[in-house]
4 protein chains.
Amino acid sequence: MFEVIVLRTKELILHTAVTLFNEQGTGKVSTNHIATSAQMSPGNLYYHFKNKEEIIRAILDQMYAKWHPIWSLPDDIQVTLEDLRSRLLLNFEILWEYRFFYREAIALLQADAELKQKHQQMMESRMLDQEAFIGRFVQSGVLQFNHGVDNHRQLFTAGWIVATNWLGFLEMNGVTVDSARLQEGLELILSIIKPYIAIHAGEGNSYDHIEKKLSED
Amino acid sequence: MFEVIVLRTKELILHTAVTLFNEQGTGKVSTNHIATSAQMSPGNLYYHFKNKEEIIRAILDQMYAKWHPIWSLPDDIQVTLEDLRSRLLLNFEILWEYRFFYREAIALLQADAELKQKHQQMMESRMLDQEAFIGRFVQSGVLQFNHGVDNHRQLFTAGWIVATNWLGFLEMNGVTVDSARLQEGLELILSIIKPYIAIHAGEGNSYDHIEKKLSED
Amino acid sequence: MFEVIVLRTKELILHTAVTLFNEQGTGKVSTNHIATSAQMSPGNLYYHFKNKEEIIRAILDQMYAKWHPIWSLPDDIQVTLEDLRSRLLLNFEILWEYRFFYREAIALLQADAELKQKHQQMMESRMLDQEAFIGRFVQSGVLQFNHGVDNHRQLFTAGWIVATNWLGFLEMNGVTVDSARLQEGLELILSIIKPYIAIHAGEGNSYDHIEKKLSED
Amino acid sequence: MFEVIVLRTKELILHTAVTLFNEQGTGKVSTNHIATSAQMSPGNLYYHFKNKEEIIRAILDQMYAKWHPIWSLPDDIQVTLEDLRSRLLLNFEILWEYRFFYREAIALLQADAELKQKHQQMMESRMLDQEAFIGRFVQSGVLQFNHGVDNHRQLFTAGWIVATNWLGFLEMNGVTVDSARLQEGLELILSIIKPYIAIHAGEGNSYDHIEKKLSED
DNA sequence: TATGAATGAGAATTCATTCAT
DNA sequence: GATGAATGAATTCTCATTCAT
């Protein structure tokens, strides 16, 4: 019961901070703003977190924890394009939930060396997870590359960059983000790999059935 | 001569500000820092610029001015893949020169409605310029799309996002940016459109000559 | 058994506080630091002491209690220079044990009128004790003063000041305090009264035997 | 004229700080208190001094500057006991003017390594000055020591400690400091060296004339 | 006795900006 | 055009202390 209160306060602070950071950016949101918004004294906020940096770190820890389960799937399951779609959508959700970070990531990482190191570690393991995920498509024949000609490493990187920055792209253009926009980003990423999606025998040289597959919700 | 001095001071301020913003971010760089670094009094800085926002706006005006000539080419010239490469490199150079902005763009635009509007206008016209540029490839047959099947709008958007965020991607991963990295980003973008680059008759079904073309420096 | 625990906690707090005060000064040591260092909650600390002032008062009470037995000797005992030496050494030990107080005494007394009054009372009675102690030397003929010429009151005050401030003098000069230094301070005090130490008949006009006496450990 | 204003503000800050520090101690006096008391904004105080430490350093620099001329006399002048008296009085005045420092010296030096180093340097050169000053008495025969028996080094150190701590001794005992008290401290110091003041031939074995000399104002 | 979350005043410091010269 | 002293609100963070449990 004691524990519950602790968690509540800590989580209340983190939740409030994320909301304000997303709304106004970390620079404009002071620790006093967070405390006031969470209806507590500044002293209490500092009782739970040593400083602003630590709040940001704790937020990112929350975020990191949400990523791993998305891209790491049991080995014995056959992944489909539908799996890719659903993972990308979950990915977008996290990116949106913590969008303040992606808007200021370089500055934030520059200001906190410890965070930078941790972040790069997390990114590395996330990339490995995602590459392994993609690797399954190649193995299962859903994706086909001409060895020595097609660089699937490049396509993967391009897809990664688009996935990470799609929401920011919308925001910079003043576009309101909604689920339709997330779908749009998803199609965008799939459009990069579309030429490499295998055409099953007997289906002719038409992309139609894939088109159908890609645009299903 | 009078004018010249005015311009010099203004430009000195802008140049100093860009350098410091790139190094430390707009949040950490105060107007007094800029003045000190430019070896002038804060009063003088404020004589030339109404406030910090106006400095940032002036910097972005400089940046906007550099973009237009890159993507707007005379109509009668036949564009080649080599032209695309060189334009993209020039693009990267601008992105690098004003990288502070791309690192904090959303926050900066959120904080300054006037700037936001201007920026979106600039982006729109830049997109039109670039789309027109790409359009020429399609017209000239260098790029081939299956109407109704391939969405070249999507590919263009994906390419744009990758182009705009490639440097940030490197920075976030702690990679030092140099000309080799710019090349790498360039190949990345080209890899997206590679499947749509036309194979000239008589050249067989090999991608070899394109490979050669893409990897030329 | 109940009582024992109370005493233990109280004494643990006092002991911890003295250690931290000596290390960092009363200003830098918060009640929370004391509680953390003593491995208890701040609430518990405040259960035992009303506030920080009261902790300091209790510490000084401990100190005062240690002084009385040093300088008050049974009347029927003949005091020697050796007694003076040993008392001064014990004196130094107390001064060192509670050195934080002597470093900040004036500020501490100024901030707490009650403490100030108590302290001055204690000092007065200590001075009386010490003067009585010295008086015995005069009575016993070990010290000889020319009445009306030599002001032994002054010599006593000078000795007192040197005794009280010798450790601070070392600290201010960055000298590490060890037992050799305590000896040194002791000799310093004795050097003030050396001219008044009586030369026994038959010992010539040499100071040699006194020299020997003074430098014995 | 510009310079004058600068000096005035800086000196106003230092003067106000010394006054408040002497009254309440450095711990209780915040930079905001100083600014308010000096009738300026906190910002302006920080325009002139980087931080509180720097204010304290500047104050001590003022103090150090006042010491040197006191104890360094031209070589060709014959120093008298009267010179010693007047120097000691000037010394007391400085100690009184900056008494806050002597009350908290160890804590202040511990908190600022740079200050500590400078202070110890200053103390060393001050000791040399003073020792040289005393040396003249020995040379001129005013003071006589039995070599190998009397340790005049010790007497000097004792005198130094008494001189430095006389005012603190008064304060701790709740005694108001006035010029009579300064005289008293002076006599105290002289009482230590009295046995070594030479008796001129023909003046008998009485200390009377010296007594007269020592107690003159 | 003891815990530990919570308070809120206040400390040091920064910064965009103004203004008299 | 240029200087630099001055402002005052805001920011981060600390700390003695309280109180429900």
Side-chain angles (χ1 to χ4, degrees), chain A residues 1-3 5-6 8-10 27-36 38-55, chain B residues 2-3 5-6 8-10 27-36 39-55, chain C residues 2-3 5-6 8-10 27-36 39-55, chain D residues 1-3 5-6 8-10 27-36 38-55:
Chain A
M1 190 175 141
F2 248 174
E3 271 302 291
I5 292 172
V6 175
R8 272 203 187 135
T9 304
K10 279 205 144 182
K28 304 249 169 201
V29 176
S30 72
T31 50
N32 276 354
H33 288 153
I34 299 170
T36 303
Q39 306 200 64
M40 65 180 66
S41 63
N44 197 18
L45 183 146
Y46 277 89
Y47 177 78
H48 291 283
F49 294 97
K50 218 181 102 208
N51 51 37
K52 205 177 169 181
E53 261 187 1
E54 210 179 65
I55 294 175
Chain B
F2 217 37
E3 270 304 290
I5 292 172
V6 176
R8 271 199 187 141
T9 304
K10 279 203 144 182
K28 305 245 171 202
V29 176
S30 73
T31 51
N32 280 331
H33 288 155
I34 299 170
T36 303
Q39 306 200 59
M40 68 180 64
S41 63
N44 197 17
L45 183 146
Y46 273 86
Y47 176 81
H48 290 283
F49 294 96
K50 215 182 102 202
N51 52 36
K52 202 177 172 181
E53 263 187 359
E54 212 178 64
I55 295 176
Chain C
F2 219 36
E3 269 303 290
I5 292 172
V6 176
R8 272 201 186 139
T9 304
K10 279 202 144 180
K28 305 244 170 202
V29 176
S30 73
T31 50
N32 280 331
H33 288 156
I34 299 170
T36 303
Q39 306 198 59
M40 67 180 65
S41 63
N44 198 16
L45 183 146
Y46 274 86
Y47 177 82
H48 289 282
F49 294 96
K50 214 182 101 202
N51 52 34
K52 203 177 172 182
E53 263 186 359
E54 212 178 65
I55 295 175
Chain D
M1 188 176 141
F2 249 174
E3 271 303 292
I5 293 173
V6 175
R8 271 201 188 137
T9 305
K10 279 206 145 182
K28 304 247 171 205
V29 176
S30 72
T31 51
N32 276 353
H33 288 153
I34 299 170
T36 303
Q39 306 199 60
M40 66 181 65
S41 63
N44 197 20
L45 183 146
Y46 276 89
Y47 177 77
H48 290 283
F49 294 96
K50 216 181 102 208
N51 52 35
K52 205 176 170 183
E53 261 187 2
E54 210 180 65
I55 294 176

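Protein chains get the first letters and strands the later ones, always in sequence-line order, with residue 1 at the start of each. Note that the structure is a prediction, hence the values are computed from the model and not measured.
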With respect to the side chain of [X], which nucleotide from [options] is positioned closest?
| X | options | result |
| --- | --- | --- |
| Asn44(B) | dT3(F), dA6(E), dC13(F) | dT3(F) |
| Thr9(D) | dT17(E), dA6(F), dA5(E) | dA6(F) |
| Tyr46(D) | dA12(E), dA2(E), dA16(E) | dA12(E) |
| Ser30(B) | dC15(E), dA5(E), dA12(E) | dC15(E) |

- Message: When both hydrogen-bonding distances must be under 3.5 Å and the geometry is Watson-Crick or G-U wobble, what is dC15(F) paired with, if anything?
- Response: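 Pair assignment: dC15(F) / dG8(E).
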- Task: Find the partner of dA20(F): check Watson-Crick (N1-N3 plus N6-O4 or O6-N4) and G-U wobble (N1-O2, O6-N3) distances, both under 3.5 Å, and reply none if neither fits.
- Result: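 Across all strands, the one nucleotide that pairs with dA20(F) is dT3(E).
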Atom [atom1] of [X] to atom [atom2] of [N]: distance rounded to whole Å?
| X | N | atom1 | atom2 | answer |
| --- | --- | --- | --- | --- |
| Glu53(B) | dT17(E) | CD | C1' | 13 Å |
| Lys50(A) | dC15(F) | NZ | P | 14 Å |
| Phe49(D) | dA6(F) | CZ | P | 12 Å |
| His48(B) | dT3(F) | NE2 | C1' | 12 Å |
| Ile55(B) | dT17(E) | CD1 | P | 9 Å |
| Leu45(A) | dG4(E) | CG | C1' | 17 Å |
| Asn51(B) | dA16(E) | CG | P | 11 Å |
| Ile34(B) | dT14(E) | CD1 | C1' | 15 Å |

- Query: Closest nucleotide of DNA chain E for His33(D) versus for Met40(C): which of these residues is on the 5' side?
  - Reply: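 It is Met40(C), whose closest nucleotide lies nearer the 5' terminus.
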- Message: Quick check on DNA chain E: between Gly43(A) and Pro42(B), whose nearest nucleotide comes earlier from the 5' end?
- Response: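 Checking each residue's closest nucleotide, the 5'-ward one belongs to Gly43(A).
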Closest non-hydrogen atom pair, [X] against [Y]:
| X | Y | answer |
| --- | --- | --- |
| His33(B) | Lys28(B) | ND1-O, 3.5 Å |
| Val29(D) | Lys52(D) | O-NZ, 2.9 Å |
| Lys50(A) | Glu54(A) | N-OE1, 2.9 Å |

- Task: Ignoring backbone atoms, test whether Thr31(C) places a side-chain nitrogen or oxygen under 4.0 Å from the OP1 or OP2 oxygen of dA16(F).
- Result: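 Indeed, a polar side-chain atom of Thr31(C) lies that close.
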- Query: Rounded to the nearest 0.5 Å, how far does CD1 of Ile55(C) lie from OG1 of Thr31(C)?
  - Reply: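 Rounded to the nearest 0.5 Å, the OG1-CD1 separation comes to 7.0 Å.
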- Task: Nearest-nucleotide wise, let me know which of Lys28(A) and Ser41(B) is further upstream toward the 5' end of DNA chain F.
- Result: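 Looking at DNA chain F, the more 5' nearest nucleotide goes with Ser41(B).
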- Item | 5' precedence on DNA chain F between Gln39(D) and Asn32(D) (nearest-nucleotide basis) |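 Its nearest nucleotide lies further toward 5', so the answer is Gln39(D).
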